[in-house]
Amino acid sequence: MNVNDSEVVASILAKDGYTAVKSAEEADLVLLNTCSIREKAEYTVLQRINEMNNLKARNKGLKVGVLGCMAERMREELLEKKKVVDLVVGPDAYRTLPELLEKVGTGQKAVNVLLSREETYGEIVPVRLDTNGVTAFVTIMRGCDNMCAFCVVPFTRGRERSRDPHSIVDECRDLVAKGYKEVTLLGQNVDSYKYTSSPVPFSQGEGGNAASPQPLSGGEGLPSSDAFPLRVDFADLLEMVALACPTLRIRYSTSHPKDMTDKVLVVMARYPNICKYIHLPVQSGSSAVLKRMNRGYDRAWYMERMASIRRHMPDCAISTDIIAGFCGETEEDHQETLSLMNEVGYDMAFMFKYSERPKTLAARKYPDDVPEEEKGRRLAEIIEAQKMSSAKRMAGYVGQMHEVLIEGVSKRSAEHLFGRNSQNSIVIVPRYVDGFELKPGMFVHARISSSTAGSLQGEVTGIVEEALAKA
Ligand code: 5AD
Ligand code: SF4
């Protein structure tokens, strides 16, 4: 999400005459987009801010700004303690960057960390930075209303709001026109995407056009046959994008187990261009810990959602987030996490030690009482369990035919390219097939020949013609 936010910032600044350069050494303005999710993330940024002193010593005119969640959380501290910082801007205030920069230009410090209930940067077309020209992010909602006890996001990114589906579909169409082959729809909790629009026919709607395909399932209260539903939920939105862009691969992140509906699973199963992959953070396998985490589900509920995914899409890959050593976590709780991992058999997981964040429910209510060393031991066991699970899942793909979208040249060998299958696993394929050079952006059929815990090797058997248009 931060990558995509930076692309929105680049778009706002492009209108103000700025262009992106390759390195901080060449820049007149350096903006650091920051994350507060764990203490370690903030520590990394504070180090980076200190490095800016050296740059400023060499380039007296250089201005330095801090954007994003740390700007929101640490505004005074940054302005008072970090003299090198000229500008502090929170995640909802990027439109004011041109005015703030004007102020900075006169030698003053500038700050705007106001959070908004409406801002979605809906109509701003992001300037794609560092792009491979194949895959892109599209933000569909901002903020979060969930208040998980460990999480700082509701404090730094504010209330949840959903972006107008017209502008989302338009952005996806524009990406197709520019040659992109895959989008990832982004939100902190995509399952609670909800947009209520006025009953304007799509053909007359802002940014719409008369040839727009119509969603099948429809939201509640379709006003007429040529109009968007009045109320669009996440399943409706997925279907709209799938229909409007039949050749585009669609992914999304992040789902929330308490809100993930069967309607979403039905839409995923119906459209071949929606990837068979769900990132469904569990956080813990213990119902007691989940309750303290304020996650809104218990282990049995999570396992039922998992079963539903498998019922709708037996070939769907599932990944997760896990926190080791949350407040009050006992050895038995930890063992329950390991047993849940074993039961589910995740394809992939992001795994973290619990890091107390100021202002959160957990920081106010529960002591951070699992010793650091114990957190480390539990995390190591979780990582080990995941390695085995990933290796097993990946080995299960060997012998199968997969459709792979090529993204770029393999880091290990210029003779190989890497891409992803629908399940989001990395697939390495030869760059040349019978003298024909494969290129990023191509869809190929590959027979999976071998696997590791982190990637698959494939033999290309053909190029997919009109890849996903079979929808
Ligand atoms: N400590 C450790 N991990 C955290 N996450 C969020 N907040 C914390 C925290 N305070 C993890 C969760 C979330 C992912 C994005 O980051 O697992 O799903
Ligand atoms: Fe944080 Fe929970 Fe919201 Fe995710 S759903 S951003 S973990 S509060």
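This one's a predicted model, so the numbers in the text were calculated from it and none came from an experiment. For the single chain, residues carry numbers from 1 onward in sequence order.
A salt bridge is absent between Arg142 and Glu119; no separation between the charged side-chain nitrogens and carboxylate oxygens falls under 4.0 Å. Between Arg377 and Glu381, at least one side-chain N (NZ, or NE/NH1/NH2) sits under 4.0 Å from a carboxylate O, which counts as a salt bridge. The existence of a salt bridge linking Asp92 and Arg161 is confirmed by a sub-4.0 Å separation between a basic side-chain nitrogen and an acidic carboxylate oxygen. With salt bridges taken as basic N to acidic carboxylate O contacts below 4.0 Å, none links Asp233 and Lys194. Classification of Asp236 and Arg231 as a salt-bridged pair fails, no side-chain N sitting under 4.0 Å from a carboxylate O. Salt bridge status for Lys81 with Glu76: absent, with no side-chain N to carboxylate O gap under 4.0 Å. Using a 4.0 Å cut-off between charged nitrogen and carboxylate oxygen, Lys291 and Asp298 do not count as a salt-bridge pair. A salt bridge does not link Asp86 to Lys103: none of the charged nitrogens lies less than 4.0 Å from a carboxylate oxygen. Salt bridge status for Arg378 with Glu374: present, with a side-chain N to carboxylate O gap under 4.0 Å. Between Glu77 and Lys82, none of the side-chain N atoms (NZ, or NE/NH1/NH2) sits under 4.0 Å from a carboxylate O, so this pair counts as no salt bridge. The pair Glu42-Arg357 meets the salt-bridge criterion, with a side-chain N (NZ, NE, NH1 or NH2) lying under 4.0 Å from an Asp/Glu carboxylate O. Using a cutoff of 4.0 Å between basic side-chain nitrogens and carboxylate oxygens, Asp145 and Arg159 are scored as salt-bridged.
The heavy-atom pair separating Tyr302 from Pro281 by the smallest distance is CE1-O, 4.0 Å. In terms of heavy atoms, His279 sits closest to Phe350 at CE1-CD1, 3.6 Å.
Counted by atom type alone, Asp5 and Asn33 present zero donor-acceptor pairs between their side chains at under 3.5 Å. Judged purely by distance below 3.5 Å, without hydrogens or angles, the side chains of Gln47 and Glu51 never pair a donor atom with an acceptor atom.
Counted within 6.0 Å of CD on Glu39, heavy atoms from surrounding residues, nucleotides or ligands total 12 or fewer; the atom is thus considered open. A 6.0 Å sphere centred on CZ of Arg364 holds more than 12 heavy atoms belonging to other residues, nucleotides or ligands.
A cation-pi geometry, defined here as NZ or CZ lying under 6.0 Å from the six-membered ring centre and within 45° of its normal, holds between Arg38 and Phe352.
The closest donor-acceptor contact from the side chain of Ser287 to the backbone of Arg299 lies under 3.5 Å. Looking only at distances, a side-chain donor or acceptor of Asn112 sits under 3.5 Å from a matching main-chain atom of Leu114. Judged purely by atom type and a 3.5 angstrom limit, Thr44 uses its side chain to pair as donor or acceptor with the backbone of Lys40.
For Ser284, there are no side chain to side chain donor-acceptor pair (under 3.5 Å) partners two or more places apart in sequence or in a different chain. Qualifying side chain to side chain donor-acceptor pair (under 3.5 Å) partners for Arg48, counting only residues two or more places apart in sequence or in other chains: none.
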Open item on the list: Between Glu25 and Lys56, is the salt bridge (charged side-chain N to carboxylate O under 4.0 Å, His left out) condition met? List the steps.
Closed with: CA-CA 10 Å; Glu25 278 75 17; Lys56 248 194 187 175; over 6 Å; no
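Among Glu407, Arg251, Arg128, Lys181, the single residue meeting the side chain to side chain contact (heavy atoms under 4.5 Å, CB included) criterion with Thr135 is Glu407.
Between Tyr94 and Tyr121, the two ring planes are parallel [angle under 30°; tilted spans 30° to 60°].
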